[in-house]
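Convention: sequence-line order gives letters A, B, ...; per-chain numbering from 1.
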Protein chains: 2
Amino acid sequence: MGQTIDIRHTGDDERWMRAALDEARRAMEADEIPIGAVIVAGGRIIGRGHNLTETLSDVTAHAEMQAITAAASTLGGKYMPDATLYVTVEPCPMCAGAIGWSQIRRVVYGASDEKRGYSRIMSRSPFHPKCTVTSGVLAEECASLMRSFFASKR
Amino acid sequence: MGQTIDIRHTGDDERWMRAALDEARRAMEADEIPIGAVIVAGGRIIGRGHNLTETLSDVTAHAEMQAITAAASTLGGKYMPDATLYVTVEPCPMCAGAIGWSQIRRVVYGASDEKRGYSRIMSRSPFHPKCTVTSGVLAEECASLMRSFFASKR
């Protein structure tokens, strides 16, 4: 991966990550793997989503995909170069590809995904060339939600 | 990429690729980049799709994504380990990721995509470990449709 992943972030980042965590909790309540996402532009949320793969019986129904579709609907256009996507867990390759197509310019995620994360499987960044990536925002809270979910399944 | 891409195929493969080409032509008629896909299981088509990113203003509306969602709906389940996906052009990383999640066991594509294809950006196969890949089926017909579309835009 040729892209730098930054760990510096701001209080605003934590604020929006809390909104993504709220989405993740909604997934948890629906007995779905608890991952949530929000897309922010101009200081407001333009799209939200949480994982709904079980409910919709559809592998494409990840949090980020739903948030991208919702944000495109809000904007009335499919490209969002002024937007930042916040997601509680590192995107998978599918979602990373969608983020790339959408031209989102900043991606902020919480917990890393050592097994399924895009950064383990992609040889170069799937994002827009100008996109920056920040990781580790409220990582412990994001990861803890995932651990609770999987512990409840054992 | 650790995965072998085969170029041997059968008459049945051409038959289903023609169905994918029909989908691609539907995209063309809608002034969309002409890519089509079908998913086949048990000798019949269980999902179809064509690129609708402009019509839906949604970057996630690729042919393969629509076909996967449609096939999951037909099957009443999100995994399709007995299915083969036929697509006129090599999948992008987003679609390749979705194909991986769906557990589809065979991918057959027509034209390669030197710029946006998954095989250029992924360091290992995004598909199920048992998934086989065949490329080059009716490749010239698939590529020619793409060339006609882009020539009409110049």
Q: Measuring from atom OG of A/Ser125 to atom CD1 of B/Ile121, what distance do you get when rounded to the nearest 0.5 angstrom?
A: 7.0 Å
Q: Could you grab the distance from atom CE of B/Met122 to atom CE of A/Met122, nearest 0.5 Å is fine?
A: 3.5 Å
Q: Please determine, among B/Cys95, B/Gly100, B/Cys92, the option with the most heavy-atom pairs under 4.5 Å with chain A.
A: B/Cys92
Q: Does CZ belonging to A/Arg105 count more than 12 external heavy atoms closer than 6.0 Å?
A: yes
Q: If you measure from OG1 on A/Thr60 to NE2 on B/His62, what distance do you get to the nearest 0.5 Å?
A: 12.5 Å
Q: Grab the two heavy atoms, one from B/Gly77 and one from A/Ser57, that are nearest each other, plus how far apart they are.
A: CA-OG, 4.0 Å
Q: Counting only non-hydrogen atoms closer than 4.5 Å, does B/Ser73 touch chain A with its backbone (N, CA, C, O), its side chain (CB onward), both, or neither?
A: neither
Q: In the single-linkage hydrophobic clustering (I, L, V, M, F, W, Y; side-chain heavy atoms under 4.5 Å), do B/Ile68 and B/Leu52 co-cluster?
A: no
Q: Pick one of side chain, backbone, both or neither for B/Ala98, based on which atoms fall under 4.5 Å of a heavy atom in chain A.
A: both
Q: Rounded to the nearest 0.5 Å, what separation is found between the CZ atom of B/Arg124 and the OG atom of A/Ser123?
A: 11.5 Å
Q: B/Val59 pairs by side chain to side chain contact (heavy atoms under 4.5 Å, CB included) with which of A/Met65, A/Met80, A/Lys78?
A: A/Lys78
Q: For residues A/Leu145 and A/Val108: do they belong to one hydrophobic cluster (side chain heavy atoms under 4.5 Å, members Ile, Leu, Val, Met, Phe, Trp, Tyr)?
A: yes
Q: To the nearest 0.5 Å, tell me how far A/Ile99 CD1 sits from B/Met94 CE.
A: 11.5 Å
Q: Does one hydrophobic cluster hold both A/Tyr109 and A/Met146, with members joined at side-chain heavy-atom distances below 4.5 Å?
A: yes
Q: Who among A/Leu56, A/Leu75, A/Asp58 has the most heavy-atom pairs with chain B under 4.5 Å?
A: A/Asp58
